[in-house]
J.: 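Before we start, here is the structure in question, set down as structure tokens.
Just so we're clear, the structure is a prediction, and the values are computed from it rather than from any experiment.
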Amino acid sequence: LVELEKLPPNYHPTWSPDSKTIAYGHNRNVYIVNIEDGNPKRIKVNSPEEHIIMRPVFTPDGRSVAYIERQMKDGKQIERILMTTIDGQKTREIIKRSTIDIFDLSPDGSHIVFTPGNKEIWCAPTDGGEPFKIGDISNVGDSAWAWMPKWSPKGDSITFIVTYEKYQYWVMENFLPTD
């Protein structure tokens, strides 16, 4: 579909909701490519050289792509989840943390779920609201870690992997604040 330059893409291509387009990170950019014509289009213009773009995820409506931008600043890692419209005209920050390993968008696009390390699962509104912790496995064991949170299609549950002596899938329910 797409011939890449020397460097491999930065993690996980992702399908658009209509299955006609794929988004991927490559060489400090986010690209989309229509699978019928195979012509990639850059939607996020070059980030600075010290930045890495990775793990793009289409929004449920297919009009934007969220992704992680990682940078090193003054010897410290800073990661942000940004969202860019597929025409590349509008980019906004959803969250900024020292570490964001993996994230996923809720089926309605109103929240993200992410792991900011290996013991906690956090959630944040995509409209810029404050992030909040929804899970903590620190009581499972010192060597336990959680990662790869994914929303259920209904948006009422999240599954994630817990590693402690063996790999396990856990499911979390009733984690969003009620109105």
Side-chain angles (χ1 to χ4, degrees), residues 8-17 23-25 28 30 44 47 50-62 64-84 91-179:
N10 297 106
Y11 304 100
H12 315 164
T14 184
W15 285 97
S16 64
Y24 60 96
R28 302 181 329 272
V30 176
K44 169 68 174 129
S47 292
E50 67 275 5
H51 293 206
I52 296 172
I53 301 295
M54 57 188 186
R55 297 187 175 106
V57 176
F58 268 99
T59 57
D61 63 11
S64 298
V65 176
Y67 54 92
I68 297 173
E69 181 183 72
R70 177 182 290 163
Q71 67 176 331
M72 293 299 288
K73 188 172 185 174
D74 301 325
K76 294 182 181 179
Q77 178 174 292
I78 298 170
E79 292 184 344
R80 303 185 305 160
I81 296 179
L82 302 172
M83 189 176 291
T84 300
T91 298
R92 64 185 174 91
E93 181 179 282
I94 296 174
I95 190 169
K96 182 178 186 176
R97 306 276 301 214
S98 61
T99 304
I100 303 169
D101 291 329
I102 303 282
F103 79 98
D104 194 27
L105 284 163
S106 63
D108 66 2
S110 66
H111 289 82
I112 60 165
V113 61
F114 64 96
T115 52
N118 60 4
K119 298 290 185 194
E120 299 174 345
I121 309 244
W122 283 68
C123 196
T126 56
D127 65 3
E130 289 297 315
F132 53 95
K133 183 168 53 170
I134 59 173
D136 186 334
I137 66 157
S138 59
N139 64 344
V140 173
D142 290 341
S143 62
W145 48 282
W147 61 300
M148 297 216 42
K150 294 288 181 188
W151 289 88
S152 69
K154 289 183 185 179
D156 60 351
S157 301
I158 292 173
T159 186
F160 56 97
I161 297 171
V162 173
T163 303
Y164 182 68
E165 298 177 1
K166 59 184 175 181
Y167 288 96
Q168 304 169 358
Y169 286 108
W170 288 24
V171 173
M172 180 184 319
E173 300 173 319
N174 304 315
F175 48 85
L176 290 178
T178 56
D179 295 332

J.: Please test Val65 against Thr84 for side-chain contact (heavy atoms from CB on, under 4.5 Å), starting from the C-alpha separation and ending with a verdict.
T.: CA-CA 5 Å; Val65 176; Thr84 300; 5.7 Å; no

J.: With rounding to the nearest 0.5 angstrom, report the CD1 to CZ distance, Ile134 to Phe114.
T.: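 Rounded to the nearest 0.5 Å, the CD1-CZ separation comes out at 9.0 Å.
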
J.: Are any of the side-chain nitrogens in Glu79 or Arg97 under 4.0 Å away from the carboxylate oxygens of its partner?
T.: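 No.
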
J.: Give the minimum heavy-atom separation between Ile100 and Ile68, together with the two atoms involved.
T.: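 Smallest interatomic distance, heavy atoms only, reads O-CD1, 3.4 Å.
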
J.: Could you walk me through whether Ser98 and Gln77 pass side-chain contact (heavy atoms from CB on, under 4.5 Å), step by step?
T.: CA-CA 6 Å; Ser98 61; Gln77 178 174 292; 5.9 Å; no

J.: Of the non-hydrogen atoms in Leu105 and Val57, which two are nearest, and what is the gap between them?
T.: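 Closest pair (atom of Leu105, atom of Val57, distance): CD1-CG1, 3.8 Å.
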
J.: For Ile137 and Ala146, work out which heavy atoms get closest and say how close.
T.: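 The pair with the smallest heavy-atom distance is CD1-N, 3.6 Å.
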
J.: Using the six-membered ring wherever Trp is involved, compare the ring planes of Phe160 and Trp170 and label them parallel, tilted or perpendicular (cut-offs 30° and 60°).
T.: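 Phe160 and Trp170: tilted rings.
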
J.: Ignoring hydrogens and geometry, is there a side-chain-to-backbone donor-acceptor pair from Trp151 to Asp104 under 3.5 Å?
T.: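 Answer holds: yes.
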
J.: Is there a donor-acceptor contact under 3.5 Å from the side chain of Thr59 to the main chain of Ser64?
T.: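 It does hold such a pair.
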
J.: Answer yes or no: is there a donor N or O on one side and an acceptor on the other, between the side chain of Thr126 and the main chain of Gly109, under 3.5 Å?
T.: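 Such a contact is found between Thr126 side chain and Gly109 backbone.
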
J.: Drop me the distance from Gln71's CD to Ile78's CD1, to the nearest 0.5 angstrom.
T.: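 So the gap between those two atoms works out to 5.0 Å.
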
J.: Keeping the roles fixed (side chain from Lys119, backbone from Ala144), state whether a donor-acceptor pair exists under 3.5 Å.
T.: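 Side chain of Lys119 to backbone of Ala144: a pair is present.
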
J.: Got a second to check how far Thr163's OG1 is from Glu165's CD, nearest 0.5 Å?
T.: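 Rounded to the nearest 0.5 Å, the OG1-CD separation comes to 11.5 Å.
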
J.: Would you say that Ile161 contacts Tyr169 through its side chain, given a criterion of any heavy-atom pair below 4.5 Å between the two side chains?
T.: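 Yes, close enough: below the 4.5 Å cut-off.
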
J.: Short question: side chain of Asp136, backbone of Ser138 - any donor-acceptor pair under 3.5 Å?
T.: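 Side chain of Asp136 to backbone of Ser138: a pair is present.
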
J.: Distance check, rounded to the nearest 0.5 Å: Ile81 atom CD1 versus Tyr67 atom OH?
T.: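 OH of Tyr67 is found 11.5 Å from CD1 of Ile81.
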
J.: Would one find more than 12 heavy atoms of other residues, nucleotides or ligands at under 6.0 Å from atom CG of Asp142?
T.: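 12 or below, so no.
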
J.: Mind checking the NZ-OG1 spacing from Lys76 to Thr99? Nearest 0.5 Å is all I need.
T.: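 Taking NZ in Lys76 and OG1 in Thr99, the distance rounds to 12.0 Å.
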
J.: If you take all heavy atoms of Ile95 and Ala124, which pair is closest and at what distance?
T.: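 Scanning both residues completely, I find the closest heavy atoms to be CD1-CB, 4.2 Å.
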
J.: Taking all non-hydrogen atoms of both residues into account, name the closest pair between Ile102 and Arg55 and its distance.
T.: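 What the structure gives for the nearest pair is CD1-NE, 3.2 Å.
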
J.: Answer yes or no: is there a donor N or O on one side and an acceptor on the other, between the side chain of Ser106 and the main chain of His111, under 3.5 Å?
T.: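 Indeed, once roles are kept as given, a pair shorter than 3.5 Å links the two residues.
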
J.: So how far is it from Leu82 CG to Arg92 CZ, rounded to the nearest 0.5 Å?
T.: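 Leu82 atom CG to Arg92 atom CZ measures 10.0 Å (nearest 0.5 Å).
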
J.: Please report the shortest heavy-atom distance between Pro60 and Asp108, naming the atom on each side.
T.: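 Minimum heavy-atom contact is CG-C, 4.0 Å.
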
